[in-house]
Amino acid sequence: MSAPASGTADLLVIAKEPVAGRVKTRLTPAYTAAEAAALARAALRDTLAAVAAARAGRRTLVLEGAPGPWLPEGFAVCAQRGGGLDERLVHAFADADAGRPLVLVGMDTPQVTAALLERACAALATREGVFGPAADGGFWLLGLRRPDASLLRGVPMSRADTGAAVLGRLRAAGLRTAVLPVLTDVDTPADAAAVAAAAPGGEFAAAVRALGTRLGTGTGTGTGAGVGGRTVTA
């Protein structure tokens, strides 16, 4: 892996190993557990590809589980640690801190592009924070010029007001914050269909087409892979 470029932001992906029965459970029973895991793997691959293509410093996968053949070259890997999602996010920022701005994204928005990630990184040259709101009320991206545990610790996660709470923390701390476009997290079969239609050229869209669009409502109760909102990254 080449040395990070001076003055650029580092990119983090917080994710869960795509194992059947442990990821994308809200896609079931419309999809089987194995099919849901295949969609999770495709979403992760698209996300990692966008991060790999973006101009950035170091690229780090903050992972629960073990890396697999879906991980491209050029990524450092560190384990998630902490209990709740707020603590895991705090530790992710702290563990990856190399003195450069940090931009963290989840694995649940496979429609993300390298250009959008570069926009987030560039924003931190003039702002202290950058925030990507999710359609479910959570957030799909959070960038900080300097990690600060107080911005995340204790924020209620997995709720429709999680994104507003995080953005409120940033603003209350006096951080000038750029806000990116709203993206849809893939939580339900309807979300999967919408995201595949919005980004038809990706591996996720190809997986949805191969499995078939299923608009029934998933009923799984496990956690998903969005950064914050009604589902959480685990």
Side-chain angles (χ1 to χ4, degrees), residues 9-18 22-27 36-37 39-52 54 56 59-65 67 70-71 75 77-82 84-93 95-96 102-114 116-117 120-121 129-144 151-152 155 157-160 162-163 165-167 179-188 191-192 194-195 198-199 202-204 222-234:
D10 292 346
L11 285 168
L12 315 179
V13 179
I14 187 164
K16 187 173 187 177
E17 181 186 0
R22 297 181 59 202
V23 292
K24 296 290 183 214
T25 58
R26 288 183 65 195
L27 293 179
L39 291 175
R41 183 167 55 253
L44 180 55
R45 285 177 59 89
D46 280 348
T47 303
L48 293 171
V51 170
R59 297 165 179 83
T60 300
L61 174 64
V62 186
L63 182 66
E64 180 181 300
W70 40 262
L71 179 64
F75 282 79
V77 179
C78 69
Q80 290 186 31
R81 59 190 185 94
L85 178 57
D86 61 327
E87 289 291 336
R88 282 178 280 159
L89 293 174
V90 166
H91 289 307
F93 277 104
D95 291 346
L102 293 164
V103 173
L104 178 144
V105 64
M107 61 180 275
D108 212 15
T109 48
Q111 70 272 45
V112 70
T113 62
L116 197 50
L117 294 171
C121 292
V130 59
F131 180 81
D136 67 358
F139 59 100
W140 63 270
L141 177 145
L142 179 64
L144 297 171
L151 298 173
L152 290 164
V155 172
M157 296 288 169
S158 308
R159 296 186 353 184
T162 293
V166 172
L167 186 57
V179 178
L180 298 177
V182 176
L183 293 186
T184 297
D185 285 341
V186 175
D187 292 327
T188 67
D191 296 334
V195 170
E203 187 168 328
F204 179 80
T223 59
V227 178
R230 289 193 294 270
T231 61
V232 301
T233 302

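Throughout, numbering of the chain's residues begins at 1 and tracks the sequence. Computation of the quantities below employed the complete heavy-atom set of this structure, encompassing side-chain atoms and omitting hydrogens, waters and symmetry-equivalent molecules.
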Minimum heavy-atom separation for [X] and [Y], please, with both atom names.
X: Val103; Y: Ala120; value: CG1-CB, 4.1 Å
X: Gly132; Y: Leu180; value: CA-CB, 4.1 Å
X: Phe204; Y: Ala192; value: CE2-O, 3.6 Å
X: Ala134; Y: Val182; value: C-CG1, 3.8 Å
X: Val23; Y: Pro18; value: CG2-CA, 3.9 Å
X: Val112; Y: Ala50; value: O-CB, 3.6 Å

Under a 4.5 Å cut-off applied to non-hydrogen side-chain atoms, are [X] and [Y] in contact?
X: Leu44; Y: Trp70; result: yes
X: Gln80; Y: Leu63; result: no
X: Leu152; Y: Val166; result: yes
X: Val155; Y: Leu89; result: no
X: Leu102; Y: Asp10; result: yes
X: Val130; Y: Cys121; result: no
X: Pro133; Y: Val179; result: yes

**Message:** Using the rule given for side-chain contact (heavy atoms from CB on, under 4.5 Å), can you reason through Val105 versus Leu12, listing the C-alpha separation, both sets of side-chain angles and the distance that settles it, and then say yes or no?
**Reply:** CA-CA 6 Å; Val105 64; Leu12 315 179; over 6 Å; no
As an exercise, state the distance from [atom1] of [X] to [atom2] of [Y], rounded to the nearest 0.5 Å.
X: Asp86; Y: Thr162; atom1: CG; atom2: OG1; result: 10.0 Å
X: Leu167; Y: Leu151; atom1: CG; atom2: CG; result: 11.0 Å
X: Gln111; Y: Leu116; atom1: CD; atom2: CG; result: 9.5 Å
X: Leu61; Y: Ile14; atom1: CG; atom2: CD1; result: 9.5 Å

**Contacts of Phe131 that satisfy ring pair (Phe, Tyr, Trp, His ring centres under 6.0 Å) - sequence neighbours left out** =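 Phe131: ring pair (Phe, Tyr, Trp, His ring centres under 6.0 Å) contacts with Phe139.
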**Item:** Thr109 and its side chain to side chain contact (heavy atoms under 4.5 Å, CB included) partner, picked from Val186, Val195, Asp46, Asp185
**Value:** Asp185
**Message:** Let's go through Thr184 and Trp140 carefully: what are the C-alpha distance in whole Å and the side-chain angles of both, what is the deciding distance for side-chain contact (heavy atoms from CB on, under 4.5 Å) to 0.1 Å, and is it a yes or a no?
**Reply:** CA-CA 8 Å; Thr184 297; Trp140 63 270; over 6 Å; no
**Prompt:** Are Glu64 and Arg22 within salt-bridge range, i.e. N to O under 4.0 Å?
**Reply:** yes
**Prompt:** Looking at residues at least two apart in the chain, or sitting in another chain, which of them share a side chain to side chain donor-acceptor pair (under 3.5 Å) with Arg41?
**Reply:**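 For Arg41 there are no side chain to side chain donor-acceptor pair (under 3.5 Å) partners, ignoring immediate neighbours.
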**Item:** Contacts of type side chain to side chain donor-acceptor pair (under 3.5 Å), residue Asp191, not counting sequence neighbours
**Value:** Thr188
**Message:** Set out, in order, the CA-CA distance, both residues' side-chain angles and the distance that settles side-chain contact (heavy atoms from CB on, under 4.5 Å) for Arg81 and Asp95, then state yes or no.
**Reply:** CA-CA 10 Å; Arg81 59 190 185 94; Asp95 291 346; 2.8 Å; yes
**Message:** Main chain of Ala54, side chain of Arg59: is a donor-acceptor contact present, judged purely on distance under 3.5 Å?
**Reply:** yes
**Request:** Would you check, one step at a time, whether the test side-chain contact (heavy atoms from CB on, under 4.5 Å) holds for Phe93 with Leu104?
**Result:** CA-CA 8 Å; Phe93 277 104; Leu104 178 144; 3.8 Å; yes
